[in-house]
Structures are given as C-alpha cells and as structure tokens.
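Both counts, for ligands and for their atoms, begin at 1 and track the order of listing.
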Amino acid sequence: MGRVYNFSAGPAVLPEEVLREAAEEMLDYKGCGMSVMEMSHRSKMFDEIIAGAEQDLRDLMGIPDNYRVLFLQGGASTQFAMIPMNLMKTGKADYVVSGSWSKKAWKEAKIFGDARLIASSEDENFSYVPDVKSLEVSDDADYVYICQNETIYGTVYHELPDTKGKPLVADVSSCFLSEPIDVERYGVIYGGVQKNVGPAGVCIVIIREDLIPEEALPGVPTMLQYKTHADAKSLYNTPPCYGIYICGLVFKWLKAQGGLEAMKKINEEKAQILYDFLDQSALFKATARKEDRSLMNVPFVTGDADLDAKFVAEAKEAGIESIKGHRSVGGMRASIYNAMPREGVEALVAFMKKFEEQNS
Ligand SMILES: *Cc1c(COP(=O)(O)O)cnc(C)c1O
C-alpha cells in the first residue's frame with residue numbers, strides 16, 4: 001500500500017521529500033557512520049544541525065536579533081505553565097479564550113496569578129474569534145495571551161489584537177510557518193511542532209530577549225526557566241535531537257518551496273478548493289464563521305451523526321485518513337497543513353462530491 005492522504009490534526013503529515021531524506025540518512029548521517037539519533041548532543045555534527053535549524057527558521061520568519069529561539073520539550077502544553085511562571089511579574093495577565101487550547105492555557109495561568117478573561121467566544125461553541133479591536137486590556141497586565149489558530153474549531157485571527165502596548169503571547173502550534181508573520185508584533189510566539197513543522201517532542205519558543213527574566217520568579221524549577229535554555233542555546237540538557245533535525249529538514253524544504261509567502265499562496269489555494277465546495281454543498285456545512293476560517297484546520301458536518309460516521313469510514317477505505325472531527329465539534333475535520341499536497345485536497349473534495357450524490 002502506498003501513502004494515504006493524512007488529514008490528521010497532529011501528529012500530522014510531513015513532506016514526503018523530508019521523510020525520504022531522513023530515511024537516506026538514517027544509518028549514516030553525512031558520512032559520520034551513525035544516525036542523528038545516536039550522536040552526542042555535544043558533538044560538532046549536532047551543533048551544526050541545531051545551529052543550522054535555528055538560522056533557517058530565522059531566515060524563514062525574519063526573526064530579529066533581539067528574539068531568542070528555543071527548542072524545548074514538554075509540548076505546547078508545558079508552555080501553558082512556563083509563560084505565567086516566567087512572564088507574570090506583577091502576577092496579572094489577560095487572556096482571550098477562543099477555543100479549548102486557549103481555555104486550557106488560561107486555566108493553567110490561574111494557578112500562578114490573576115489570569116483575567118478579557119474576551120471569549122465560548123457562547124457559540126468557539127465557532128468564531130472574539131472581537132479584539134478594542135479589548136479592555138488591564139493597565140497592569142504583564143501580557144495578553146491568544147491562541148492564534150484554534151485547531152479544534154478551525155478559527156484563526158486574521159487581525160492581531162490591539163494589546164495597548166502589552167506583550168502579545170501567541171500559541172501558533174497549528175499555524176506555525178503557514179504564512180509570513182511580523183515577529184515584532186509579538187512578545188512570545190510558540191508552538192508544538194507536531195502540527196505543521198515536525199515530529200512530536202519539540203516545542204519551539206520565540207521570545208523577545210527583554211521578556212526573559214534575569215532572576216527567576218520564586219519557586220520556578222530550573223528546567224522551566226526560559227533563561228536556562230536561552231543561556232545554554234537549548235543545550236542545557238539533552239534536547240530532542242532527532243526531532244530538531246527533522247524540523248531543520250522541514251525548514252530547508254520550506255525554503256525550497258519559496259518560503260512563507262509562497263506557502264501562504266499555496267495554502268490559500270488549497271483551503272479555497274475545500275471551502276468553495278463546502279459553501280455550495282447541500283449536504284456538508286463548514287462550522288466556523290466565514291470571516292474567521294482557518295487555512296489549516298477545516299471542521300465540517302452533515303448534521304447527522306450517523307451519516308458523519310459513514311463518511312469517515314468510507315473515506316478511510318478511499319485512502320483519506322484521520323478525517324474524523326474532534327468530539328467537541330463532531331463531524332469531520334480536514335487538517336490541510338503545509339505538507340498536504342493540493343492533490344490530497346482535490347481527492348477529498350472529489351470523494352465528498354461522490355458521497356453527497358450517493359447520500360441525498
Ligand atoms: C495540539 C495543540 C496544543 C497542545 O500541544 P501538545 O504539544 O500536545 O502539548 C496546544 N495548542 C494548540 C493550538 C494545539 O493545536
């Protein structure tokens with residue numbers, strides 16, 4: 001059997017070229033006689049891998065020199081705690097909750113201080129992004145927090161909030177490197193890489209230098225201080241070496257595609273194919289508000305749970321994998337990340353068309 005079209009929300013599809021390259025280098029990385037998995041993280045070979053990955057990421061995103069790039073472990077979920085542990089100097093922060101991931105982050109922050117909810121879209125099952133044009137940001141907030149792309153509900157911020165000068169902290173796990181962003185508008189950008197960048201086990205944090213506390217706030221373990229990892233260039237302890245190597249290969253692949261401007265165009269075209277079909281379908285309906293639709297995660301339903309289940313089962317037979325929606329929305333979700341080829345989206349739409357004809 002060949003490769004399927006994998007619409008999983010994460011861990012998710014990776015570029016086939018990258019997987020082939022990794023396979024080729026598996027036993028003998030560039031003539032050093034061992035796999036990247038087997039080499040010391042203190043070796044010159046690995047130093048080139050991690051430094052090269054950081055440089056390529058800086059090039060792709062245009063990361064200014066006063067931002068640090070950290071390759072960490074613990075997934076995006078550990079950042080829900082690390083952010084307040086490092087940034088809540090006055091003990092106060094403002095949160096916008098537009099889905100399950102930002103809600104989790106908000107709840108976690110409440111362990112550490114006064115995490116205030118300043119906007120939410122829970123009233124309509126997170127099907128839209130709250131209006132963030134004139135947020136009531138607190139004067140004493142240390143930061144304003146958002147989840148830029150809510151993976152489960154398929155919504156994205158097309159405009160960043162006006163934070164009234166407070167640092168913006170953004171979880172970009174499911175839209176990482178899907179289009180260019182202006183790094184300087186953020187204080188912290190972070191994401192688990194298993195959605196759009198690489199294999200599970202790496203979390204990338206891009207943080208403005210002045211936000212890294214010189215002195216740790218009381219009670220913060222060494223491993224959970226940004227300073228520890230910034231000072232040691234992500235090599236304080238053993239980093240997730242192999243995952244960082246794969247991320248590095250993906251960064252090179254993205255550069256070869258033409259960088260993030262080119263990815264944005266491709267991603268818009270792919271998403272358009274699917275949304276255009278959904279908008280004229282009599283059977284399927286996209287669940288997110290039109291203005292806030294994500295380019296990466298597209299949830300949709302038929303409105304009939306049995307028919308949804310039938311769709312998911314028959315899709316699998318047709319080589320369309322992991323299309324089942326998250327239980328909190330139901331129905332289906334197509335995650336169409338950078339590595340999903342246009343042909344995959346076309347195959348999905350062709351299958352949906354056929355299913356609609358047969359079931360209405
Ligand atoms: C998947 C996801 C997370 C959680 O990531 P882990 O690495 O599993 O902790 C957090 N935020 C968003 C937006 C996600 O999509």
Inset, instruction - Please name the residue in the list Asn267, Leu295, Asn297, Val197 that meets the side-chain contact (heavy atoms from CB on, under 4.5 Å) test with Tyr337. - result: Asn297

Legend entry - Of Phe311, Phe351, Tyr275, the residue whose pairing with Phe284 passes ring pair (Phe, Tyr, Trp, His ring centres under 6.0 Å): Phe311

Inset, instruction - Before signing off on this row, confirm whether Asn149 and ligand 1 have an N or O atom pair separated by under 3.5 Å. - result: no

Inset, instruction - Mind checking the SG-CD1 spacing from Cys247 to Ile50? Nearest 0.5 Å is all I need. - result: 10.0 Å

Inset, instruction - Report yes or no: does a heavy atom of Gln79 sit under 4.0 Å from some atom of ligand 1? - result: no

Legend entry - Passing option when Tyr145 is tested against Trp106, Tyr95, Trp101 for ring pair (Phe, Tyr, Trp, His ring centres under 6.0 Å): Tyr95

Inset, instruction - Within a distance under 4.0 Å of any heavy atom of Cys147, pick out the atoms of ligand 1 and give their elements. - result: 13 (C)

Inset, instruction - Following the transitive rule for hydrophobic clusters with a side-chain heavy-atom cut-off under 4.5 Å over Ile, Leu, Val, Met, Phe, Trp and Tyr, establish whether Val69 and Val188 coincide in one cluster. - result: no

Inset, instruction - State the atoms of ligand 1, each with its element, that fall below the 4.0 Å cut-off from a heavy-atom position in Gly75. - result: 7 (O), 9 (O)

Inset, instruction - Provide, to 0.1 Å, the distance between atom 8 (O) of ligand 1 and the closest protein heavy atom, together with that atom's residue and name. - result: Gln194 NE2, 3.4 Å

Legend entry - Between Tyr245 and Phe46, ring centroids under 6.0 Å: no

Legend entry - Shortest protein contact, atom 15 (O) of ligand 1 (heavy atom only): Thr151 OG1, 2.4 Å

Legend entry - Contact (N/O only, under 3.5 Å) between Gly192 and ligand 1: no

Inset, instruction - Could you tell me the residue and atom name of the protein heavy atom closest to atom 9 (O) of ligand 1, and the distance to it rounded to 0.1 Å? - result: Ser77 OG, 2.6 Å

Legend entry - Nearest-neighbour protein heavy atom for atom 14 (C) of ligand 1, which is reported as residue plus atom name and distance: Lys195 NZ, 2.8 Å

Legend entry - Any donor-acceptor N or O pair under 3.5 Å, side chains Ser174, Thr151: yes

Inset, instruction - Measure the distance from atom 11 (N) of ligand 1 to every protein heavy atom, then report the residue, atom name and distance (to 0.1 Å) of the closest one. - result: Asp171 OD2, 2.6 Å

Legend entry - Spatial distance of atom OH (Tyr186) from atom CD1 (Ile181) [nearest 0.5 Å]: 4.0 Å

Inset, instruction - Return the residue, atom name and 0.1 Å-rounded distance of the protein heavy atom closest to atom 5 (O) of ligand 1. - result: Ala76 CB, 3.5 Å

